[in-house]
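None of the values given here were measured: they were computed from a predicted structure.
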Amino acid sequence: MNKFLRLINNVITSNIEGGYESEPVRKAVTINLFSFIGLFFMLFYATESFFNDNFKHALILSGFAVLTISLFLFLRKTKNYLVASHALILVIIVLEVYLLVTGGDNNTGILWLYIFPILCLFTVGVRTGIIYVIFILSIIIIIFYLEHSFAVKYNPVLKSRFLSTFIAITFIAITIEYVRQKTYNELIESNNKKTFYLNKVMDQQKEIISKSEKLRKANKELEQHHNHLENLVKERTKELEIAKNKAEESDQLKSAFLANMSHEIRTPMNVIIGFSSLLVDPETDENLKEEMALHIKQNINSLLKLIENIISISAIEAGQIEAKIVRVNINDLLKNIHEDFKYSFNTEKLNFIYENEFARYTVETNTDSHHLYNILSNLLDNAFKFTESGEIRFGFRKYTEDKKPYIQFYVKDTGIGLNEEQQIQVFNRFTKAINSKKKLYRGAGLGLSICKSLVKLLGGKIWVESQPDDGSIFKFNIPFDTSEINEKTIHTKEVSFNEYNWKNKSVLMAGDQPQNYSQLKIELTKTGVTVYYANNGIEAVNIVKNHNIDVILMDIKMPVMNGLEATRIIRKDNPDIPIIAQTTFAMENDERACLEAGCSTYLQKPVQKNHLFNILNKFLS
């Protein structure tokens, strides 16, 4: 029985959610009840007409029955009771007009109209329902009193009784719907007020509960804080102790670093000053002067390397180090490094070997040649420093990892080696992994830290494999990239100093250090070139205006007018004259500033003689 009742409820409500007091359910029930009643009578009279051989009448009533079923299905699927109400009313209007015109069964068609006011007013409301009632009433009056030939004739008494009864039913329906709607609205408003006050009471209860919970949590937190206070004090005390130890360690490290810097600077300076004094001493044996000059040069290079490392680590700390990517010939770069170290270090007790399995091929990649040179030279410096005998090998190989091509470089020595702890610390800055009491190894502890930063900048990684007293092998890799790039490089050809012949050529040297001019002039005059000197930027501009200058060596920092400003002025009238910038500054953006001002290339002081002459030869040849 319950299942049957649920089924009936589901059918008459079109499965619309809500109770019978809700407007959607009430309208759906009204529409469905009128639809079912109308459907019953339509089918009944359609069947009766069929058996009375009135097939036309039976067919029309059957069509209206189909429309009524369609409206029921539409309402059930869409739950749109408003559209279904208007559609059902329109169907009834058309049906009633047909029945009025034809008279229905024994002129009973007018009886169907009594349900129309109730249907309209109960489904679409008072205002819209009245409009529909007036509309159908107008049609009825037209059919009754104009008495067209196409419509049946009704008895006058029947007409007057029908109209009075129809109007009475309409007023009753209006009254019932108005009272129902007013009552319903008042109930809704009353329910809304009850809901509002109920929600307000519930909100207050929630607020009380929330405050109670907050108070409980606050009490619990106070209790926890009270219990935790001693532990917190202990932890703070421990942290302060750790901070104190770190500060003391940092202070010791700073003191050790300053002492180390003092030693590393004073040691080569003592050699330079001492041998320089002996060089100008007339009693010094001429045969020893060449050896003294070699010692001076070696210590100057050592001092320069230390300064470069300090500048590099400062640039890395400041985030000013960048990679200038150009196409680099790996074979030529490593060959030049081999030549530089072969003559810079004493290799009588050491075999210094450059291994290159690709000597017969050209291996090129896109990277920063300057950084790559610095990495390899720092690793070789360490190898020579910690290897007294045996051999030092370096080279490279190509390999693929995770489907990506790489070039791996290596520096292998037979020196004192590193234990596991030293291998971990060796790449930290200001750290010297070797602390031997038998021998003091020079160095600031910066080289390997710089290597690590530069390798990371080039997109690679660096590591060491070593055993104490069994040598070390330092390895690092960089991506093997041969894609097309936009690069601006100066290609120079190595020429012997004796082959330079720059007669009928002129060079302007601009700088505020006359001693540099004097030293370089001695070297340049051997080539036959004419040398002019400017003490500041204004003098340089005037000399270019008054003389035919082939190349300008422009110092950047000068009094009165600096080199960059002078270059900009000279470039306005001389766009093709080569200008070589010289500066003691070593930051990455210095080279960019020089090139943007109009300089052709950039040299960092101190300038190596062979490198400078090769650059000059490119422009003067």
Side-chain angles (χ1 to χ4, degrees), residues 293 297 300-301 304 336 340 369-370 488-586 590-621:
K297 181 179 179 181
I300 288 174
N301 289 336
L304 178 61
N336 291 337
D340 291 345
S369 59
H370 178 70
K488 182 178 179 181
T489 57
I490 297 177
H491 302 281
T492 60
K493 181 181 178 182
E494 296 288 339
V495 181
S496 172
F497 290 130
N498 297 327
E499 297 180 19
Y500 292 121
N501 184 3
W502 298 331
K503 290 182 179 180
N504 301 323
K505 301 290 183 178
S506 59
V507 175
L508 169 61
M509 294 180 57
D512 60 341
Q513 298 295 330
Q515 62 271 25
N516 292 338
Y517 162 71
S518 300
Q519 179 263 331
L520 190 57
K521 183 179 180 180
I522 295 173
E523 300 291 345
L524 287 173
T525 50
K526 296 177 183 179
T527 67
V529 71
T530 302
V531 182
Y532 295 91
Y533 176 69
N535 190 53
N536 55 61
I538 293 179
E539 291 182 8
V541 172
N542 293 331
I543 291 174
V544 173
K545 287 181 180 178
N546 299 323
H547 297 84
N548 184 20
I549 303 299
D550 294 299
V551 177
I552 302 173
L553 293 174
M554 183 71 72
D555 201 346
I556 298 304
K557 189 175 181 181
M558 293 185 294
V560 185
M561 179 186 289
N562 63 45
L564 295 179
E565 185 63 27
T567 298
R568 294 188 186 97
I569 295 173
I570 292 171
R571 275 282 175 251
K572 292 179 181 179
D573 299 323
N574 302 273
D576 298 325
I577 187 170
I579 302 176
I580 303 172
Q582 297 185 99
T583 179
T584 54
F585 300 129
D590 294 323
E591 180 178 4
R592 187 184 303 113
C594 294
L595 297 176
E596 289 175 354
C599 296
S600 306
T601 188
Y602 168 94
L603 294 176
Q604 181 181 321
K605 294 181 180 180
V607 180
Q608 298 292 331
K609 174 185 172 182
N610 57 346
H611 185 48
L612 174 61
F613 274 51
N614 285 330
I615 297 294
L616 289 172
N617 188 54
K618 173 187 180 296
F619 294 118
L620 294 175
S621 296

Worksheet, complete the sentence: Closest non-hydrogen atoms of Ile556 and Cys594, given as atom of the first, atom of the second and distance, are CD1-SG, 3.8 Å
Worksheet entry | Shortest non-hydrogen contact between Ile579 and Met554, atoms and distance | CG2-CB, 3.9 Å
Discussion item. Quick check: do Leu524 and Phe613 have side-chain heavy atoms less than 4.5 Å from each other?
Written reply: yes
Worksheet item: How many angstroms lie between CG in Asn501 and CG in Leu620, if you round to the nearest 0.5 Å?
Response: 11.0 Å
Response to the item:
Of all heavy-atom pairs linking Ile577 and Asp550, the shortest is CG1-O, 4.0 Å
Worksheet entry | Gap between atom CZ of Arg571 and atom OG of Ser600 - 0.5 Å precision | 4.5 Å
Worksheet item: Which residue pairs pass the salt bridge (Lys or Arg N to Asp or Glu O under 4.0 Å) test when at least one of the two sits in residues 522-538, sequence neighbours left out?
Response: Glu523-Lys526, Glu523-Lys609
Discussion item. Quick test of your reading: applying ring pair (Phe, Tyr, Trp, His ring centres under 6.0 Å), list the pairs with at least one residue in residues 518-541, sequence neighbours left out, ordered by first then second residue.
Written reply: Tyr517-Tyr533, Tyr532-His547
Show which side-chain atoms of residues 537-545 pair as donor or acceptor with protein atoms under 3.5 Å away, not counting sequence neighbours.
{"unit_1": "Glu539", "atom_1": "OE1", "unit_2": "Asn535", "atom_2": "N", "d": "2.7"}
{"unit_1": "Asn542", "atom_1": "ND2", "unit_2": "Ile538", "atom_2": "O", "d": "3.3"}

Worksheet entry | Qualifying residues under side-chain contact (heavy atoms from CB on, under 4.5 Å), relative to Pro575, sequence neighbours excluded | none
Ignoring hydrogens and angles, write down the donor-acceptor pairs under 3.5 Å from the side chains of residues 562-570, residues two or more places apart or on other chains.
{"unit_1": "Asn562", "atom_1": "OD1", "unit_2": "Leu564", "atom_2": "N", "d": "3.1"}
{"unit_1": "Asn562", "atom_1": "OD1", "unit_2": "Glu565", "atom_2": "N", "d": "2.8"}
{"unit_1": "Glu565", "atom_1": "OE1", "unit_2": "Arg568", "atom_2": "NH1", "d": "3.4"}
{"unit_1": "Thr567", "atom_1": "OG1", "unit_2": "Gly563", "atom_2": "O", "d": "2.7"}

Fill in: Reported CG-to-CE distance for the pair Asn536 and Met561, which is rounded to 0.5 angstrom
8.0 Å
Item to complete: Could you grab the distance from atom CD1 of Ile549 to atom NZ of Lys505, nearest 0.5 Å is fine?
Response: 12.5 Å
Practice prompt. Enter the distance from Leu612:CG to Leu553:CG here, rounded to the nearest 0.5 Å.
Written response: 6.0 Å
Discussion item. For Glu596, give me all partners under side chain to side chain donor-acceptor pair (under 3.5 Å), at least two apart in sequence or on another chain.
Written reply: none
Item to complete: Enter the distance from Ile552:CD1 to Ile580:CD1 here, rounded to the nearest 0.5 Å.
Response: 10.0 Å
